[in-house]
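First the proteins, then the strands, lettered A, B, ... as listed; each starts at 1. Just so you know, these numbers come straight off a predicted model, no measurement behind them.
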Amino acid sequence: MPMEKTFNAAEAEARISKTWLEAKAFAAGANAKPGHPAFSVMIPPPNVTGSLHMGHAFNNTLQDILTRWHRMMGDDTLWQPGTDHAGIATQMVTEREMAKAGKVSRREMGREAFTLKVWEQKRRSRGTIIGQLQRLGASCDWDREAFTMSGAPGAPAGEEGNFHDAVIKVFVDLYGKGLIYRGKRLVNWDPHFETAISDLEVENTEVPGHMWHFKYPLAGGETYEYVEKDAEGRVTLREVRDYISIATTRPETMLGDGAVAVHPSDERYAPIIGKLCEIPVGPAEHRRLIPIITDEYPDPTFGSGAVKITGAHDFNDYAVAKRADIPCYRLLDTRAQMRADGVPYDQAAKIAGQMSRAWLVARGYATPGIVEQPFTLSEAEIDALNLVPDDLRGLDRYEARKRVVEAITAEGLAVTTLKKSVDVETGSEHLELVPYVESKPIMQPFGDRSKVVIEPMLTDQWFVDTAKIVEPALEAVRSGRTKIIPPSGEKTYYHWLENIEPWCISRQLWWGHQIPVWYDMHGNNFCAHNFEAASRLAVSHHSAIHPDRNFVTVEVPDLEGIDFSSSAPFAGSDAASAFEAGLWGDAINEDGSVAIAMRRDPDVLDTWFSSGLWPIGTLGWPEPTAELKKYFPTSVLVTGQDILFFWVARMMMMQLAVVDDIPFHTVYLHGLVRDAKGKKMSKSLGNVIDPLEIIDEYGADALRFANAAMASLGGVLKLDTQRIAGYRNFGTKLWNACRFAEMNGVWEGHATGPAPSPQATANKWIIGETARTLAEVNEALEAFRFDTAADALYKFVWGKVCDWYVEFAKPLFDGPEAAETRQTMAFVLDQCMILLHPIMP
RNA sequence: GGGCGGUUAGCUCAGCGGUAGAGCACUACGUUGACAUCGUAGUGGCCACUGGUUCGAUCCCAGUACCGCCCACCA
């Protein structure tokens, strides 16, 4: 049957792909020759949130090129596939789908039922993703597919595996080594998902904002002489004031102020250090007084030089508050609404007032009239104080802001400025006093998933003490044990790791690895791989304190209605009835033993904590598997430069901390795939391209070749369909050269073998060119220059073989060299296929 | 504010010490034994600017301008 004029990609790709998959041609070690080295690549696991986009297609093409190239050379090759559970993103997608389908909400459904829903979502998405990868021709070992939550409790049948166990083991081990700790810290709080997120998940964006200037009156109507001087020390302003001026972009947080701070060198405020001033909001009869303190943080040249300190809602203020022992009053709930819990405002304000006075006394600032009495509250007691005035409770944060500004302005406590205005009718000018409000751009933090304004929030969270594990990760790259390309990636890597912050790893979500820690009612926590092990820790802990008693444990389910904040011991006959009564506490059993009530931490781990273990986790760690021995450390990681910190750096730290080895020898960082104009592909812009559409229209080969050709190092990758069409034409060109060969019977009696030794000049020449191209391609791929390899192949196949050699061969077929020409052409075209195989399989 | 990159043909990008390259686009011609998803020929560039090093610079160094990206707590 003669060959068609054009190559039918759709038919051929499906047929060939099926053959490969059935033959398990991509299994680890397939085609490996004895004595050859191992070559392993871990796929960056796609999130199970939907389908793959062009960036994935690009990323996976490069991995496949390397994998096929090494497999062809006879290396013991593994390309490890799999997917990522992607906690917050997947939970979000599932909730959205449920809402769209009119289903009940996650909370109505309960944790267990909801988690099953997410598993369903995972299964759907995973199927789509694997299908897409296979259409692309990805030569992963499909029998080894992994998942970052395989084997987790509650996983449905078919989701077995030990990734969950590995994650839990790492948490327990790191906890044991003191590298993971829990603490009440100011963290980034996402009010939409109602969870903490890490610094990396916050996107700071400049938005238009305002800065208000307000007067904080001095307590008791006190006054001082306020003097301003210019750079030469000449007095430019001298007036008697009964207030201190404060600037803020967030007036609603004034309610939680604990102090006003000025720089110690700021002479303007020296007379009032250690005095009290009044927060100008809230019911007039219960205005709170706060101390004026000094701290290095305020910049005397900015604004008024005085800063209000709201420790619970600002990272800078928190640091000041910690230094000066100023209480941090929390104003917002988990949804970023003004708190509505706790005692009424007047009582809370009274207690807070006592705190202020006690602070002054403790610092030796006591002034006559202040009753000297020790007064301290615990962190938990301070946190329980709700200083939101009753009429603002439950309001949205922005509504509260509006009201606070209005109230202060109405009361005349806004700083004013002179404004010239013109009377429209008479044309006369006059001056009037207006509130001083600056309009200016301010940096605002947004959640990368929720797109909602992030709130600094004082909560209990788990952290990885990254400072303690960062050094080996830095050293590995500095010494060249792990190489990052392009080299600019190494600089970025150093810059981030050298300034590493603690990593908040707990998330208030349901989808993820639940933290393996159990709490008792006495403030102890027990970290172990399961409840039995945690129980043993708890029993031995309590037995050491009370050797005369017998202890047993009872695990309290995380149910609604149990008041975990109360720690009143329950003296019922058994623990079970205690929980029925809605209490959380230890119980005395009939045999006299004490049942320690234990409750598991309901939070889950940051998804990057588990994907950070991808290299060892997919190879079966902690079991000492043969694959782990053979394929770890892995050869190359191919990934986008956008997740250098999220994933690459953390994998480096975690692998080194857990198994004391680097996760990979080389990291290849590529840019982000954009559309032809360089715009980010996004659903809202409508410029998202589905890789399958491209494959349907142009064939996977064309897409893959285009991907390889645009893989220059660094920068943005602009994807143009015109270019893909060009490479589709390239395939057709080669196809037709083969068709020409077919028509001249060059394949008859031909078998792939070594290069022939022809006499004709043209034949000798093309064999030389073939060898040269082979060397060029190998050299290019060795250096991860996919673009150079693609370019060399394009020029050889089109520019040499088709343009010249086929033309030279035409007359040769009529002459005495016909036989050797047929032989040579068969060889050369064979070589083309082989050389192209990594890119165009 | 700190860091990292970029600036080469109309467009997208390679090159990186010896007076410039590709693909696409464009122009003209073309059904000669594979290919119109093609062929042949061609148009098109003070390689951002200013200095310096050099026999010689798009390429090295310094500075300037503009553009991008990442990180950052100025109320």
Asker: Let me know the distance between CD of A:Glu206 and P of B:rC74, rounded to the nearest Å.
Answerer: 10 Å

Asker: Find which nucleotide of RNA chain B each of A:Ile246 and A:Lys795 is nearest to by heavy atoms, and output the residue with the more 5' nucleotide.
Answerer: A:Lys795

Asker: Measure the distance from CD on A:Glu501 to P on B:rC71 and round it to the nearest whole Å.
Answerer: 14 Å

Asker: B:rG23 P sits how many Å from A:Ile724 CD1, rounded?
Answerer: 18 Å

Asker: For B:rC4 versus B:rC11, give the span between their P atoms, rounded off to a whole number of Å.
Answerer: 30 Å

Asker: In whole Å, I'd like the distance from the NZ atom of A:Lys491 to the P atom of B:rC71.
Answerer: 19 Å

Asker: Looking only at the side chain of A:Met443 (C-beta and beyond, no hydrogens), which of the listed nucleotides B:rG2, B:rA72, B:rC4 gets closest?
Answerer: B:rA72

Asker: Does the side chain of A:Phe58 come within less than 4.5 Å of A:Thr61's, by heavy atoms?
Answerer: no

Asker: Assign each of A:Arg723 and A:Phe302 to its nearest nucleotide of RNA chain B by heavy atoms, then name whichever residue's nucleotide is nearer the 5' end.
Answerer: A:Arg723

Asker: Assess whether atom CD of A:Glu203 is packed by more than 12 heavy atoms of other residues, nucleotides or ligands within 6.0 Å.
Answerer: yes

Asker: Please report the distance separating the P of B:rA22 from the corresponding atom of B:rG15, rounded so that it comes out in whole Å.
Answerer: 15 Å

Asker: Expressed in angstrom and rounded to an integer, what is the separation of A:Leu793 atom CG from B:rG23 atom P?
Answerer: 15 Å

Asker: Less than 3.5 Å apart, which donor and acceptor atoms pair up between the side chains of residues 791-801 of chain A and the rest of the protein, not counting sequence neighbours?
Answerer:
unit_1   : atom_1 : unit_2   : atom_2 : d
A:Asp791 : OD2    : A:Lys795 : NZ     : 2.9
A:Lys800 : NZ     : A:Glu769 : OE1    : 3.2

Asker: Could you tell me the separation between the CG atom of A:Asn499 and the C1' atom of B:rC70, rounded to a whole number of Å?
Answerer: 13 Å

Asker: Write down the distance separating the P atoms in B:rC16 and B:rC61, rounded off to the nearest Å.
Answerer: 14 Å

Asker: Is the shortest side-chain N to carboxylate O distance from A:Arg250 to A:Glu455 below 4.0 Å?
Answerer: yes

Asker: Rounded off to whole Å, could you give me the CG-to-C1' distance for the A:Asp299 and B:rC74 pair?
Answerer: 7 Å

Asker: Listing request: all salt bridge (Lys or Arg N to Asp or Glu O under 4.0 Å) pairs with a residue in residues 718-739 of chain A, at least two apart in sequence or in separate chains.
Answerer: none

Asker: Here's a test for you: under side-chain contact (heavy atoms from CB on, under 4.5 Å), which of A:Asp257, A:Leu289, A:Ile292, A:Leu413 qualifies with A:Tyr216?
Answerer: A:Asp257

Asker: Starting from P on B:rG23, measure out to CE on A:Met710 and report it in whole angstrom.
Answerer: 19 Å

Asker: Using the C1' atoms only, state how far B:rA72 lies from B:rG1, rounded to an integer number of Å.
Answerer: 7 Å

Asker: Note every stem involving RNA chain B: at least three consecutive Watson-Crick or G-U wobble pairs, i with j then i+1 with j-1, with both distances under 3.5 Å.
Answerer: B:1-7 with B:65-71, B:10-13 with B:21-24, B:26-30 with B:38-42, B:48-52 with B:60-64

Asker: As a test of understanding, state which of A:Phe646, A:Phe645, A:Trp503 forms a ring pair (Phe, Tyr, Trp, His ring centres under 6.0 Å) with A:Trp496.
Answerer: A:Phe645

Asker: Could you work out the separation of B:rC38 and B:rC24 based on their P atoms and round it to a whole Å?
Answerer: 8 Å

Asker: So what does A:Gly209 hit on the nucleic acid, given a heavy-atom distance under 4.0 Å: a base, only sugar-phosphate, or nothing?
Answerer: nothing

Asker: List the steps and the verdict of salt bridge (charged side-chain N to carboxylate O under 4.0 Å, His left out) for A:Arg478 and A:Glu498.
Answerer: CA-CA 12 Å; A:Arg478 285 199 190 113; A:Glu498 282 163 2; 3.0 Å; yes

Asker: Counting any heavy atom closer than 4.0 Å, what does A:Pro298 reach on the DNA or RNA strands: base, sugar-phosphate only, or nothing?
Answerer: base

Asker: Heavy atoms under 4.0 Å is the rule here; annotate nucleotides 25-30 of chain B 5' to 3' with B where the base is hit, S where only the sugar-phosphate is, and - elsewhere.
Answerer: S-----

Asker: Given the P atoms of B:rU50 and B:rA65, what is the spacing between them in whole Å?
Answerer: 15 Å

Asker: Can you confirm whether or not the ring centre of A:Phe214 sits under 6.0 Å from the ring centre of A:Tyr436?
Answerer: no

Asker: Please tell me which of the listed nucleotides, B:rA75, B:rG23, B:rA14, lies nearest to the side chain of A:Met211?
Answerer: B:rA75

Asker: Among the nucleotides B:rA75, B:rA72, B:rG2, which one has an atom lying closest to any side-chain atom of A:Thr249?
Answerer: B:rA75

Asker: Does some side-chain heavy atom of A:Met710 sit less than 4.5 Å from a side-chain heavy atom of A:Leu719?
Answerer: yes

Asker: Using residues 183-190 of chain A as the side-chain source, report each donor-acceptor pair under 3.5 Å to any protein atom, sequence neighbours left out, with the distance given to one decimal.
Answerer:
unit_1   : atom_1 : unit_2   : atom_2 : d
A:Asn188 : ND2    : A:Asp199 : OD1    : 3.1
A:Trp189 : NE1    : A:Thr334 : O      : 2.8
A:Asp190 : OD1    : A:His192 : N      : 2.8
A:Asp190 : OD1    : A:Phe193 : N      : 3.1
A:Asp190 : OD1    : A:Ser450 : OG     : 3.2
A:Asp190 : OD2    : A:Ser450 : OG     : 2.6

Asker: With rounding to the closest Å, how many angstrom separate the C1' atoms on B:rA14 and B:rU40?
Answerer: 26 Å

Asker: Counting any heavy atom closer than 4.0 Å, what does A:Phe315 reach on the DNA or RNA strands: base, sugar-phosphate only, or nothing?
Answerer: nothing

Asker: Taking any heavy-atom pair under 4.0 Å as a contact, classify A:Phe645: base, sugar-phosphate, or nothing.
Answerer: sugar-phosphate

Asker: Heavy-atom distance under 4.5 Å between the side chains of A:Phe813 and A:Pro811, does that happen here?
Answerer: no

Asker: Please state whether the rings of A:Phe786 and A:Tyr668 are parallel, tilted or perpendicular, taking 30° and 60° as the class boundaries.
Answerer: perpendicular

Asker: Spell out protein contact along nucleotides 33-39 of chain B as letters: B when the base is contacted, S when just the sugar-phosphate is, - when no protein heavy atom is under 4.0 Å; keep the 5' to 3' order.
Answerer: BBBSBSS

Asker: What distance, rounded to whole Å, do you find between the two P atoms, one in B:rC13 and one in B:rU7?
Answerer: 10 Å

